[in-house]
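Contents: one structure, followed by commentary.
Residue numbers run from 1 in the order of the sequence given.
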Amino acid sequence: MTRFATEDGAFEIDSLPSQCQVGICHGFYVNPDKRGQGLAHDLKQEQNEVLSGLGYDYSLCTVAESNSAQKAVLDKAGWRYLDSFFSSRQNERIEIWGRNYERC
């Protein structure tokens with residue numbers, strides 16, 4: 001796992017086992033005292049740049065279906081909804097989102 005932190009928040013990236021060109025993104029958060037200022041968009045853009053710079057071809061993440069703020073950040077940053085499932089651990093629907101970084 002690699003953790004990237006700024007003064008505004010942090011995110012983590014792992015490679016998908018057996019498919020190292022796919023980045024698994026998790027641990028994305030904006031510090032509580034910085035929320036509501038649009039900084040999640042900046043942090044997500046930084047994450048996209050890191051993923052591309054590290055040579056990933058694709059990235060995946062999950063988000064709770066009820067988390068409309070995070071889904072708006074993903075959508076604006078070029079991520080796309082792929083699928084959803086019911087998480088028995090979290091007792092809610094979880095969405096899977098992805099983003100392509102292929103180089104032509």
Side-chain angles (χ1 to χ4, degrees):
M1 170 192 67
T2 303
R3 185 168 195 266
F4 299 86
T6 71
E7 63 183 42
D8 299 325
F11 55 87
E12 299 170 6
I13 300 171
D14 289 310
S15 294
L16 181 67
S18 299
Q19 187 48 265
C20 62
Q21 291 306 110
V22 177
I24 303 299
C25 302
H26 55 98
F28 184 92
Y29 76 94
V30 174
N31 293 329
D33 62 327
K34 304 271 183 129
R35 292 180 184 162
Q37 302 174 37
L39 297 172
H41 295 285
D42 297 338
L43 190 60
K44 185 56 76 174
Q45 180 60 37
E46 183 172 341
Q47 183 184 53
N48 283 342
E49 291 170 8
V50 168
L51 285 157
S52 181
L54 290 172
Y56 284 103
D57 294 329
Y58 201 84
S59 56
L60 293 167
C61 73
T62 60
V63 60
E65 184 180 66
S66 61
N67 191 341
S68 58
Q70 182 64 20
K71 292 191 301 184
V73 168
L74 289 167
D75 186 57
K76 185 175 179 181
W79 291 64
R80 296 291 168 248
Y81 168 85
L82 301 173
D83 204 353
S84 69
F85 63 95
F86 183 80
S87 170
S88 56
R89 183 179 68 83
Q90 294 172 275
N91 197 35
E92 67 179 309
R93 289 206 70 75
I94 303 299
E95 295 182 356
I96 302 169
W97 287 63
R99 188 175 193 285
N100 195 330
Y101 298 93
E102 284 183 288
R103 289 127 186 98
C104 296

How far apart are the closest heavy atoms of [X] and [Y], and which atoms are they?
X	Y	result
K44	A77	CG-CB, 3.4 Å
T2	D14	N-OD1, 4.1 Å
C25	C61	O-CB, 3.5 Å
Y58	N100	CD1-CA, 3.6 Å
R3	A10	NH2-CB, 3.6 Å

Without swapping roles, check the side chain of [X] against the backbone of [Y] for a donor-acceptor pair under 3.5 Å.
X	Y	result
R35	A40	no
D83	E95	no
D8	K34	no
Q21	G55	yes
K71	E65	yes

With the 4.5 Å side-chain cut-off for hydrophobic clustering, are [X] and [Y] part of the same group?
X	Y	result
I24	I94	yes
I13	Y101	yes
V63	F28	yes
V50	W97	yes
L54	L16	no

(message) How about CD on Q90, more than 12 heavy atoms from neighbouring residues, nucleotides or ligands closer than 6.0 Å, or not?
(response) yes

(request) Side-chain contact test, heavy atoms from C-beta onward, threshold under 4.5 Å: evaluate it for Y29 versus L43 and give yes or no. (result) no

(request) Determine whether S15 and Y56 make a side-chain contact, defined as any pair of heavy atoms from C-beta on separated by less than 4.5 Å. (result) yes

(request) Any chance you could lay out the side-chain contact (heavy atoms from CB on, under 4.5 Å) test for L60 and L82, step after step, and finish with the verdict? (result) CA-CA 9 Å; L60 293 167; L82 301 173; 3.6 Å; yes

(request) Tell me, with the steps shown, if Q47 and L51 meet side-chain contact (heavy atoms from CB on, under 4.5 Å). (result) CA-CA 6 Å; Q47 183 184 53; L51 285 157; 4.0 Å; yes

(request) Verify whether one side chain among Y81 and D75 offers a donor that lies under 3.5 Å from an acceptor in the other. (result) no

(message) If we count only N and O atoms by modelled type, under 3.5 Å, do the side chains of R93 and S84 hold a donor and an acceptor together?
(response) yes

(request) With rounding to the nearest 0.5 Å, note down the distance linking CG in N67 to CD in E92. (result) 8.5 Å

(message) Centroid separation under 6.0 Å, is that true for the rings of F11 and F4?
(response) yes

